[in-house]
Student: 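I have a structure here, written as structure tokens, and I will follow up with some questions on it.
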2 protein chains.
Amino acid sequence: MDQTYIRDVSEHVGEEITIKGWLYNQRSSGKLIFPQIRDGSGIIQGVVFKKNVPERVWTDFEGLTQESSIIVRGRVRADERAPGGYELDVSDVEVLQTAEAYPITPKEHGVEFLMDHRHLWLRSRRQHAILTVRAEVIRAVRDYFDSNGFLLMDTPIFTPAACEGTTTLFSVDYFEDTTAYLAQSGQLYNEATAAAFGKVYCFGPTFRAEKSKTRRHLTEFWMVEPEVAYADLDDIMELAEDFITFIVHRVLENRRKELDEMERDISRLEKIEPPFPRLQYDDAVRMLQEGHEKGELESQFEWGGDFGSPDETYLSNRFDRPVMVHRYPAAVKAFYMKPDPERAELALCVDVLAPEGYGEVIGGGQRADDLAYLLKQIHEHGLPEDAFDWYLDLRKYGTFPHGGFGMGIERCMAWLCGIEHIRETIPFPRMLYRLKP
Amino acid sequence: MDQTYIRDVSEHVGEEITIKGWLYNQRSSGKLIFPQIRDGSGIIQGVVFKKNVPERVWTDFEGLTQESSIIVRGRVRADERAPGGYELDVSDVEVLQTAEAYPITPKEHGVEFLMDHRHLWLRSRRQHAILTVRAEVIRAVRDYFDSNGFLLMDTPIFTPAACEGTTTLFSVDYFEDTTAYLAQSGQLYNEATAAAFGKVYCFGPTFRAEKSKTRRHLTEFWMVEPEVAYADLDDIMELAEDFITFIVHRVLENRRKELDEMERDISRLEKIEPPFPRLQYDDAVRMLQEGHEKGELESQFEWGGDFGSPDETYLSNRFDRPVMVHRYPAAVKAFYMKPDPERAELALCVDVLAPEGYGEVIGGGQRADDLAYLLKQIHEHGLPEDAFDWYLDLRKYGTFPHGGFGMGIERCMAWLCGIEHIRETIPFPRMLYRLKP
């Protein structure tokens, strides 16, 4: 295919090349037209000099509308004044289609309008930058685990029973009279694969039927979940710290241009270095209570509760790097958490709160490995024991200390990119009132 | 964590190390016990010499059952006669749990029994090898696209309308009175992202409510789908050929040991080199009809139909590498296929059939880019036009030639590993009658 991608033009200075793409924008001044051409890999400015091109080429450019599909021929010229450092001296054009009046124009559009046109909105510079960072983050996640001895295990989406209570589970008609539920997590399954492979991770879409209409919630989001055999809570905290640092470094290394495009304050990310502060829940509560006394937090936080969004925002604003809050009251955490042997009312768990008020990006901890304790928990949480027979097997046939965590990609992305609403961090977001396009 | 993984013992010859894992098997001869210890990264044989260890250690080993969880200390010794080339001279053991009688024993088990115990079956050598190859294949897929200018685009699982007819779609209750459908493909969405990013791919679970109980069907499987702007059918065939070759090479390079473990005939994979034969549908039909005449195929195939499993098996057995069958009758293919400009009754599509009778692993082609044609197709297929408004937008705002394909990971895996039934290629398979564990 005779086609050069705009990202590669620096290797073709002085050469005639062919670009296949779309007209992004264009201005003219009498005998010159400056089309901005995009092909998905980048944007380059062309120069059409009336005197140097056949009349047909000039007329074709004059008639082009935004997003018209075009094949452009021209010579690459390095020019420091050009936006990307290169320009294209256009010699020919083939117009595949003159686009109808494009709905997204440089004027401001409401967010609902843009979301309704998400399939076109993706062509904008900002969305291009965000989703390029997303691909980089996902690549970094996989590189991290693949190169640290973890084996990828794709856990199932269809699950037979309501392992974590039905209220936030989506149900599916699974042939005749069977109901399946969409997985909220691959953790339980990866406790089984950790026993087979030692260090594992899953990474796929997860589903949560939460009726929350906040800037932090999607009904469908991607989550990565490592699980490690013979790891304790301290190991898991170290893993989370090392993992987050790796991702931030990678994004700073490879995606500075994109972060600049979205005007991210990069200095905030450059501060992300280990060690991350470890904050016991008790101390976090004290901090919240002091915040209330100083009038910085509206409501008074009582020991024993889980943190709400304002609490997380307050805590994470106290630190310039992610803070790891550990040992929450067992009562507010999932049934499978291992209790602290020194204080049984606490769970050996950790939440990692991203700075700048972004809140929880990671939740995890050590898993209960004692059969009797786990049985008691299942009963106390009113869960159906027979749904867990296979899970309980892991505590009968060589039970072992283990732990892991889950990180939601979109929340991590919102923090890294400095985006207020999580909906821009995924190509086609799904929310309470958003199932289209 | 003071722990050495078995995969790394070659770097610790002569050193005292600690292994944390499970007892895989054990035999003894009077004053010697030979425990096989696994930790998920490998299996090593230990040697416990009664004379050299405290009595407690000897007794502990004597009492061990299969899959008991243990922490073993010992010195690594290179020994050519040992299965992995190394042995562990055991000095100490800590028994975390003596396992209950393990249900999976060296005797033959029925496949339903093994599937019911999938969470434990994964600990076997063969399943370990298969899923290690799976992780390698997935890594290769991502490496291929990431290093060839494709951008990862996670397309949505929840879709608003029955884009491909409802018969094989799973439906989900999506808040109050809304119904969502689980995506069978990300293609339509990636036609939108290809216009924004040029070359894209999605890679995630897809869902098909097919009531087929065959060795080639799962209700939940992983599919990778590249989509390329400004590509025609020939480009897509070249891409498929190059992509498959890359994956086969990678598996041969990195996973020979695992292929040996499952007794795969590697010479069959070593033949996979480009060019792959291109076979027009017309010629494939002729081949099937000759097969019938020779008595090698039971039924007579008529021009115009889609191939069934026996047809695919027959065709793919004619070649020692994947065969690319192109230009099927448009009538048996999806509505979005571009018609062949030279013979409008044919679609510009391709199916890639894996050799050794494995059948279709890739389906793809060039997409219809003409608005009027696509509208006609949508009406003729009885599809709801308003569900496709956003998709039709792509033909209004700079329509462009483009194409792509989808490859099911599990079918590709079955071929690469020489596995008869697809159910062993994924950690927790989901089928018509299988939703547990």
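Naming: A, B, ... by sequence-line order, numbering from 1 per chain.
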Student: If I take atom NZ from residue K20(A) and atom OH from residue Y230(B), how far apart are they, to the nearest 0.5 angstrom?
Tutor: 8.5 Å
Student: Could you label the plane-to-plane angle of the Y189(B) and W390(B) rings as parallel, tilted or perpendicular, counting under 30° as parallel and over 60° as perpendicular?
Tutor: parallel
Student: Taking A195(B), P427(B), S171(B) one by one, which has the highest count of heavy-atom pairs under 4.5 Å against chain A?
Tutor: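 Top count of heavy-atom pairs under 4.5 Å with chain A: A195(B).
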Student: Which atom names give the shortest non-hydrogen contact between A194(A) and E227(A), and what distance separates them?
Tutor: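 Heavy atoms of A194(A) and E227(A) come nearest at CB-CG, 4.0 Å.
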Student: Is chain A contacted by the side chain of T219(B), its backbone, both, or neither, given a heavy-atom distance below 4.5 Å?
Tutor: both
Student: Is S124(B) close to chain A through its backbone or its side chain, or both, or neither, when contacts mean heavy atoms under 4.5 Å?
Tutor: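 For S124(B), no heavy atom lies under 4.5 Å from chain A.
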Student: Considering only heavy atoms and a distance below 4.5 Å, find which of Y433(A), W222(A), Y391(A) pairs most often with chain B.
Tutor: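 Greatest number of close heavy-atom pairs with chain B: W222(A).
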Student: Heavy-atom cut-off 4.5 Å, strictly under: side chain, backbone, both or neither for R125(B) against chain A?
Tutor: neither
Student: Would you give the length of the straight line joining atom CG of L432(A) to atom NE2 of H217(A), rounded to the nearest 0.5 angstrom?
Tutor: 11.0 Å
Student: Considering only heavy atoms and a distance below 4.5 Å, find which of G204(A), P103(A), P401(A) pairs most often with chain B.
Tutor: P103(A)
Student: Classify the angle between the aromatic ring planes of H128(A) and F197(B) as parallel (below 30°), tilted (30 to 60°) or perpendicular (above 60°).
Tutor: parallel
Student: Rounded to the nearest 0.5 Å, how far apart are CD of E210(B) and CG of L169(B)?
Tutor: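 Atom-to-atom, E210(B):CD and L169(B):CG are 11.0 Å apart.
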Student: Nearest 0.5 angstrom please: Y201(B) OH to N148(B) CG, how far?
Tutor: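 Here the rounded value is 11.0 Å.
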Student: Heavy-atom pairs under 4.5 Å with chain A are the metric here; pick the option from F158(B), F400(B), F428(B) that has the most.
Tutor: F158(B)
Student: Output the option from R139(A), M153(A), R118(A), K436(A) having the highest count of non-hydrogen pairs under 4.5 Å with chain B.
Tutor: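 Of the candidates given, the most pairs with chain B belong to R139(A).
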Student: Tell me, side chain or backbone of L23(B) under 4.5 Å from chain A's heavy atoms, or both, or neither?
Tutor: neither
Student: Go through D39(A), I409(A), I426(A), L131(A) and name the one with the most non-hydrogen pairs under 4.5 angstrom from chain B.
Tutor: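 Sorted descending by pairs with chain B, the first entry is L131(A).
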Student: I'd like to know which of D154(B), L151(B), V172(B), L152(B) tops the heavy-atom pair count under 4.5 Å against chain A.
Tutor: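 Going by pairs under 4.5 Å, I would pick D154(B).
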Student: For T399(B), which atoms come within 4.5 Å of any heavy atom of chain A: side chain, backbone, both, or neither?
Tutor: both
Student: Flag the one option from D116(A), D143(A), D389(A), D8(A) with the top tally of heavy-atom pairs under 4.5 Å to chain B.
Tutor: D143(A)
Student: In terms of side-chain geometry, is the basic nitrogen of E100(A) or R395(B) positioned less than 4.0 Å from the acidic oxygen of its partner?
Tutor: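 A salt bridge is absent here (no side-chain N lies under 4.0 Å from a carboxylate O).
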Student: Under a 4.5 Å heavy-atom cut-off, does chain A meet the side chain of E176(B), its backbone, both or neither?
Tutor: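 E176(B) touches chain A through side-chain heavy atoms alone.
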Student: Contact part of I138(B) toward chain A, heavy-atom cut-off under 4.5 Å: side chain, backbone, both or neither?
Tutor: side chain
Student: For residues Y397(B) and W22(A), establish whether the separation of their ring centroids is below 6.0 Å.
Tutor: no
Student: What option among T155(A), T132(A), T65(A) has the most heavy-atom pairs under 4.5 Å with chain B?
Tutor: T132(A)
Student: How many angstroms lie between OH in Y174(A) and OG1 in T159(A), if you round to the nearest 0.5 Å?
Tutor: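 Nearest 0.5 Å value for the OH-OG1 distance: 11.0 Å.
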Student: Would you mind checking which part of S41(B) comes under 4.5 Å of any heavy atom in chain A, side chain (CB onward), backbone (N, CA, C, O), both or neither?
Tutor: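 When you check distances to chain A, only backbone atoms of S41(B) fall under 4.5 Å.
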Student: Between S68(B), A135(B), P437(B), which shows the greatest number of heavy-atom pairs under 4.5 Å with chain A?
Tutor: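 That would be P437(B).
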Student: What's the separation between atom CZ in R430(B) and atom CD1 in I157(A), rounded to the nearest 0.5 Å?
Tutor: 10.0 Å
